[in-house]
Number of protein chains: 2
Amino acid sequence: MKTAKPTEKELEILQVLWQQGPATVREINTVLNATKNIGYTTTLKVMQIMYDKGFLSRQKSGKTHVYKATITKEGTQQQLLDKLLDTAFGGSAMKLVMQALGNRKSSQKELDEIRDYLDRLEGGES
Amino acid sequence: MKTAKPTEKELEILQVLWQQGPATVREINTVLNATKNIGYTTTLKVMQIMYDKGFLSRQKSGKTHVYKATITKEGTQQQLLDKLLDTAFGGSAMKLVMQALGNRKSSQKELDEIRDYLDRLEGGES
DNA sequence: ATTGTATTACGAAAATATTCGTAGATAATA
DNA sequence: TATTATCTACGAATATTTTCGTAATACAAT
């Protein structure tokens, strides 16, 4: 069975969980409401669906559930990247990279880090 | 008015148009059918919707329409990149770049090109 | 125990995206 | 001109995603 891709809303929730660790529906909803306007039961429903899909696990604590992401940030990022590469960049990772670096200000430090990273990639995975 | 994001199917069609230039519904559908299985009227419908949205322009040639992408590949790529950065990479272009380069084999030549690109970025846009 | 408050479960409405059937228009050609 | 093949327009069915109302449940406070 192929792992399905999280939807937009699901990704927003995953973001919070990845960043803050396990959390309740209430906590997630509070974070989301800082920017958007989303009802409590909406957040609840989405998280229940994610639980059904296996994206989240949960544990009862008193009367509430504490949810935890079961899929990793890295794996999901890679999956989305692959998709984007495929659907918008014709499979060329390089083009994507250049576009990502080009149209936004990257600091000198960041550019250096990328260079180091390139060196490491090249230097044979010692 | 904020430019809406193309859907998955719309992106597939844009891909073909960006690569091959203006084309008829029939031509697009033929290309799509090389990999997927999609009915002619489905492709037609999607392209008509894209026309309504302003993603495509068209010109009558005989009894058929020749469609042309009105949104650029680069702009759309950037838009999707920004979205991905935001929803999955916490806004860090660098992390995205590293992830993109890491989990796939990039040729020596590609890596060199990226290095050159970095040099140019740094070298002050002379 | 009764009341009040927060949470969950359930179902379904609303919004969006995908799919295609059918009818009518257009042009080529027999 | 009649026939045929192809294309467009239109509407609608289906699927997916997002949204939330309502009722049941669990806990806390009175």
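Using a 4.0 Å heavy-atom criterion, one finds that A:Thr7 contacts the sugar-phosphate atoms exclusively. B:Thr64 comes within contact range of the sugar-phosphate backbone alone, with a heavy-atom separation under 4.0 Å but no base atom that close.
Of the residues near DNA chain D, A:Lys5 and A:Lys60, the one whose nearest nucleotide (by heavy atom distance) lies more toward the 5' end is A:Lys5. Taking for each of B:Tyr67 and A:Val46 the nucleotide of DNA chain D with the nearest heavy atom, the 5'-most of the two is the partner of B:Tyr67.
Contact of B:Lys63 with D:dT6 (side chain to base): a donor-acceptor pair of N or O atoms is detected under 3.5 Å.
Taking a cutoff of 4.0 Å between a charged side-chain nitrogen and a carboxylate oxygen, A:Arg115 and A:Asp112 qualify as a salt bridge.
For A:Lys45 and D:dT16, the NZ to P distance is 16 Å, given to the nearest whole Å. The CG atom of B:Asp52 sits 10 Å away from the P atom of D:dC10 (whole-angstrom rounding). Note: CD1 (A:Ile38) to P (C:dA15) measures 16 Å, nearest angstrom.
Applying the 4.0 Å criterion to OP1 and OP2 of D:dT8, one finds that B:Tyr40 has a side-chain N or O inside that range. For C:dA9, one of the phosphate oxygens OP1 or OP2 lies less than 4.0 angstrom from a side-chain nitrogen or oxygen of A:Gln48. Within the 4.0 Å cut-off from OP1 or OP2 of D:dA5, not a single side-chain nitrogen or oxygen of B:Arg26 is found.
Closest to the side chain of B:Leu44, from the set D:dT8, C:dA17, C:dC20, is D:dT8.
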